[in-house]
Amino acid sequence: MNTPCYALVDCNSFYASCEKLFRPDLKDRPVVVLSNNDGCVVARSAEARRLRIGMGVPLYQVRDLIQRNEVTVFSSNYALYADLSARVMRTLEEMAPAVEIYSIDEAFLDLGGIETSRDLLDFGQEIRRTVDRWVGVPVSVGIAPTKTLAKLANHAAKRYGRTEGVVDLRDPARQRRLLAITPLKEIWGIGSRLSARLEAMGIHNALQLANTDPRLMRKAFSVVVERTVRELNGEACIGLDEIPAAKQQIICSRTFGTRITDYRDMREAISDYASRAAEKLREEQRYARVVTIYLRTNPHSDRDPQYSNAASTELSLPSNDSREIIAACQGLLRAVYRDGYRYMKAGVMLNDFYEAGVFQADLFNPGQERPHAKALMNTLDQINHSGLGRVFFAGQGIRKEWGMQRAHLSPRYTTSWKDLPLVR
DNA sequence: TCTGGGGTCCTAGGACCC
DNA sequence: TCTGGGGTCCTAGGACCC
């Protein structure tokens, strides 16, 4: 049996790199990408990071800094990032025997057995060159016997220029040296709450955590922390998941571009989110029984009266038909909507999923067949995935005055025919 | 004035049953 | 004043991730 060996490949400043790819004029220039509604900074190019623009800060707090330094600002262009992500992942799948897509910009590779046939630092550099040539997005590579250590190796590859973007952390002595200079909150699985509790116990860095007794850590915290301790010591506890688990929940929620004060606008928004959620559900090829909506005012405001509420219902039969899910959400909205508030956000949640044909027929509506429903939803999805335009239900609204603010949106270069870049 | 969105896993505790 | 024990299931809440 081989010692396990994982690589973590992570795109550098992914969203910012995607934007730069189609804007060669922005090479070596600071770029930031904003969250939905242009609220917070969620990605920064290396140049922007050097200006000390923080991750996750609200835009209004860094507006001066951005203007003074002529930072180029983009709204999130999720269609573009998802498409480029798929290209990166396809490239990695061609290069490694087993790949787990961990997030939009990261993948774990199983390198077990490869080290006998080739030098892993070389292999890491080959990954970097290939992704750069085929897709144009820069990546870093961390290599280690456990996923938790591979994560840390990747951090190091990003942080220290001398590594040239690849760190091989298989050597235990090297692991200990890196752990000794790694703060707790940089460890995968240790967030701010656990960091604070560990600090209070006198544990201040990753090496000190690695040196604790894993069984005691399980008692004091949970099995999650126990696994982290073992992984830091090179004992692989978390395997590679090539096939993503089926989703258990689908959420579609948004902060509105402007506050909603009108029932009809709220009904439009809820219908729109319901339709998006149903679309995602069909992509999963699942049917949901439980539908939930929630809405709330702005909790940061101390002037406006506050209200937040949620409501759920169980469909008589699990469904992924947009019309049924929209109707259920509109019914729930009538129950929880109150006049006289300035609503900031609402959402639709789907739960309790079934595969086609496995659920019990409704006792009171036996044989409730909907022969045309599937064909109609298929047609809808095909049109909406064609890149030619979208069809939608009238209840979703046409003008969408409550819709997202995206003042700095780039074209959908790769997923919309009308946005194809032109070379003159 | 302005603060994202979408997920997962684990645990404790209550409800319920025999 | 006295009032078992053990098991399962479900849910809410906390913590984490990107």
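Here is how names work: the chains are called A, B, and so on, in the same order as the sequence lines, proteins then strands, and each is numbered from 1. None of the values given here were measured: they were computed from a predicted structure.
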Rounded off to whole Å, could you give me the [atom1]-to-[atom2] distance for the [X] and [N] pair?
{"X": "A/D105", "N": "C/dC17", "atom1": "CG", "atom2": "P", "result": "15 Å"}
{"X": "A/I104", "N": "C/dC17", "atom1": "CD1", "atom2": "P", "result": "19 Å"}
{"X": "A/R342", "N": "B/dC2", "atom1": "CZ", "atom2": "C1'", "result": "12 Å"}
{"X": "A/L295", "N": "B/dG5", "atom1": "CG", "atom2": "P", "result": "15 Å"}
{"X": "A/N36", "N": "B/dC2", "atom1": "CG", "atom2": "C1'", "result": "15 Å"}
{"X": "A/R227", "N": "C/dA15", "atom1": "CZ", "atom2": "P", "result": "18 Å"}
{"X": "A/K219", "N": "B/dA12", "atom1": "NZ", "atom2": "P", "result": "13 Å"}
{"X": "A/I251", "N": "B/dT8", "atom1": "CD1", "atom2": "P", "result": "8 Å"}

Subject >> Ion pair check, A/E186 and A/R159, cut-off under 4.0 Å >> reply: yes
**OP:** Could you tell me whether A/R128 and A/E164 have a side-chain N and a carboxylate O separated by less than 4.0 Å?
**Re:** no
Base, sugar-phosphate alone, or nothing: which one does [X] contact when heavy atoms must sit under 4.0 Å apart?
{"X": "A/R259", "result": "sugar-phosphate"}
{"X": "A/V42", "result": "nothing"}
{"X": "A/Q248", "result": "sugar-phosphate"}

Out of [options], whichever nucleotide has its closest atom nearest the side chain of [X]:
{"X": "A/S222", "options": "B/dG5, B/dC10, B/dT3", "result": "B/dC10"}
{"X": "A/K345", "options": "C/dC18, B/dG5, B/dT3", "result": "B/dG5"}
{"X": "A/S35", "options": "B/dG4, C/dC18, B/dT3", "result": "B/dG4"}

Subject >> C1'-based separation of C/dG4 from B/dC16 [nearest Å] >> reply: 16 Å
Is it true that [Y] and [X] share a donor-acceptor pair across their side chains at a distance under 3.5 Å?
{"X": "A/T297", "Y": "A/D304", "result": "no"}
{"X": "A/N12", "Y": "A/S140", "result": "yes"}
{"X": "A/R176", "Y": "A/N233", "result": "yes"}
{"X": "A/D83", "Y": "A/Y81", "result": "no"}

Subject >> Backbone of A/L149 reached by a side-chain donor or acceptor of A/T146 within 3.5 Å >> reply: yes
Original post:
Is there a donor-acceptor pair closer than 3.5 Å between any side-chain N or O of A/S301 and the backbone N or O of A/R303?
Top reply: yes
**OP:** Nearest-nucleotide wise, let me know which of A/R303 and A/I250 is further upstream toward the 5' end of DNA chain B.
**Re:** A/R303
Subject >> Residue met sooner reading DNA chain B from 5', once A/Y60 and A/N37 are mapped to nucleotides >> reply: A/Y60
Subject >> Under the 3.5 Å Watson-Crick or G-U criterion, the dot-bracket string of DNA chain B, with | for inter-strand pairs >> reply: ....||||||||||||||
**OP:** Over 60° means perpendicular and under 30° means parallel, so classify the ring planes of A/F22 and A/Y413, tilted if in between.
**Re:** parallel
Is any side-chain nitrogen or oxygen of [X] closer than 4.0 Å to OP1 or OP2 of [N]?
{"X": "A/R254", "N": "B/dG6", "answer": "yes"}
{"X": "A/T255", "N": "B/dG5", "answer": "yes"}
{"X": "A/S253", "N": "B/dG6", "answer": "yes"}

Subject >> Interface residues of residues 182-214 of chain A with DNA chain C (non-hydrogen, below 4.0 angstrom) >> reply: A/I187, A/W188, A/G189, A/I190, A/G191, A/S192, A/R193, A/L194
**OP:** Sort out for me which residue in A/Q396, A/Q330, A/R276 forms a side-chain hydrogen bond (donor to acceptor under 3.5 Å, both in side chains) with A/S271.
**Re:** A/Q330
